[in-house]
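Each remark here refers to the structure printed beneath this line.
Below, all heavy atoms of this structure are taken into account, side chains as well, without hydrogens, waters or symmetry copies.
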Amino acid sequence: AVCPGPGIEQLYRDFGTDEVVEGGQTQNPSTNDFLDAFAKVNAEHIFVFPNNGNVILAAQQAAELYKEADVRVLECKTIGEGYAALTMIDLSQDDPDDVMQGLCEAMDGVKTGMVTHAVRDAQMNGVTVKEGEFIGICGKDILSSCPDKLTAAYEMTDKLDADMCDIIILIQGKTATDDEAEALAKGLEEKYPDVEIITMNGGQDIYDFILIYE
């Protein structure tokens with residue numbers, strides 16, 4: 001699996017990931033990085049979680065080049081999709097095709113929102129973005145832009161129909177304080193009393209918060 005921070009790496013390892021390739025928004029792993037990881041796993045079948053749309057191609061190229069195992073690349077474009085699939089993986093099945101199908105089904109409906117700084121002014125989806133503000137992003141869509149990172153997270157969450165979720169996983173980044181993470185978690189609990197809020201410190205760069213909506 002590709003993980004952008006030490007906390008997220010530990011989370012993935014806790015759920016059984018054998019090898020982690022470091023990577024993030026500004027540090028995409030190479031084909032060779034994946035080949036090295038495959039060799040360390042030393043398994044008959046290997047399932048790869050790129051967790052970033054920009055990383056999938058390198059993972060697929062490595063899978064084609066590696067001849068010592070059957071390598072399957074799950075096309076998960078976010079940490080949230082990968083996490084949802086990993087927590088539902090069923091390795092008791094004999095057929096790797098069935099395992100892969102289960103992983104794809106587990107990703108269905110999972111959304112990942114991210115809060116970060118805007119690097120330039122922009123206009124998208126009716127949202128006016130000012131350089132330096134905090135923006136809430138899901139996929140390629142900007143859903144909120146606010147001077148305050150917590151407000152950006154709340155507005156983004158509202159637009160992602162969080163009241164329909166069972167779980168929201170809040171992952172704190174390097175640039176967010178413990179107090180900010182605790183305040184955001186408390187605010188989400190008050191706003192969505194029927195949704196379970198799980199918090200963790202991911203230690204990721206770039207994104208103050210990553211929120212996984214399941």
Partner residues of Gln10 under the side chain to side chain donor-acceptor pair (under 3.5 Å) criterion, sequence neighbours left out
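So Gln10 forms a side chain to side chain donor-acceptor pair (under 3.5 Å) with Asp14.
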- What heavy-atom pair brings Ser145 and Val129 nearest, and what distance separates the two atoms?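 Answer, listing the atom of Ser145 first, then Val129: OG-CA, 3.5 Å.
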task = For residues Pro4 and Ile79, report the shortest heavy-atom separation together with the two atoms involved.
result =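 Shortest heavy-atom contact: CD-CD1, 3.5 Å.
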Salt bridge check, [Y] against [X]: does any charged N sit closer than 4.0 Å to a carboxylate O?
X      : Y      : result
Asp208 : Lys174 : no
Lys191 : Asp158 : yes
Lys186 : Glu182 : no

Distance in Å, [X] [atom1] paired with [Y] [atom2], rounded so as to fall on 0.5 Å steps:
X      : Y      : atom1 : atom2 : answer
Met114 : Ile212 : CE    : CD1   : 10.5 Å
Leu11  : Thr17  : CG    : OG1   : 8.5 Å
Thr87  : Tyr12  : OG1   : OH    : 9.0 Å
Thr116 : Glu133 : OG1   : CD    : 13.0 Å

Margin query: Does either side chain, that of Asp90 or that of Ser92, offer a donor lying less than 3.5 Å from an acceptor on the other one?
Written below: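 Checked: Asp90/Ser92 side chains pair up, N/O donor to acceptor below 3.5 Å.
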- Would Glu64 and Gln60 count as having a side-chain donor-acceptor pair, cut-off 3.5 Å?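 No, no side-chain donor-acceptor contact under 3.5 Å.
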_Given 3.5 Å as the limit, does a donor-acceptor pair link the side chain of Asp148 with the main chain of Thr151, or not?_
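Yes, Asp148 side chain to Thr151 backbone: donor-acceptor pair under 3.5 Å.
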side-chain contact (heavy atoms from CB on, under 4.5 Å) partner of Glu81, the single match among Cys104, Pro50, Cys76: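 Result for side-chain contact (heavy atoms from CB on, under 4.5 Å) with Glu81: Cys76.
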Report task. Begin with the C-alpha distance, continue with both residues' side-chain angles, and end with the deciding distance and a verdict on side-chain contact (heavy atoms from CB on, under 4.5 Å) for Asp97 and Met100. Result -> CA-CA 5 Å; Asp97 287 337; Met100 196 68 175; 5.6 Å; no
(request) Run through the side-chain heavy atoms of Ile, Leu, Val, Met, Phe, Trp and Tyr, join any pair under 4.5 Å, and report what else lands in Val195's cluster. (result)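 Its cluster partners, ordered by chain and number, are Val115, Phe134, Leu143, Leu150, Tyr154, Met156, Leu160, Ile168, Leu170, Leu184, Leu188, Tyr192, Ile197, Phe209, Leu211, Tyr213.
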Handout entry: Apart from Val20 itself, residues in the same hydrophobic cluster as defined by side-chain heavy atoms under 4.5 Å
Key =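 Val20 shares its hydrophobic cluster with no other residue.
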task = Flag yes if Met88 and Val73 sit in one hydrophobic cluster, no otherwise; membership is Ile, Leu, Val, Met, Phe, Trp, Tyr, and two members link when side-chain heavy atoms are under 4.5 Å apart.
result =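 Not linked; separate clusters.
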Report task. Report the C-alpha distance between Tyr83 and Phe15 in whole Å, list the side-chain angles of each, state the deciding distance to 0.1 Å, and finish with yes or no for ring pair (Phe, Tyr, Trp, His ring centres under 6.0 Å). Result -> CA-CA 9 Å; Tyr83 172 80; Phe15 277 99; 5.7 Å; yes
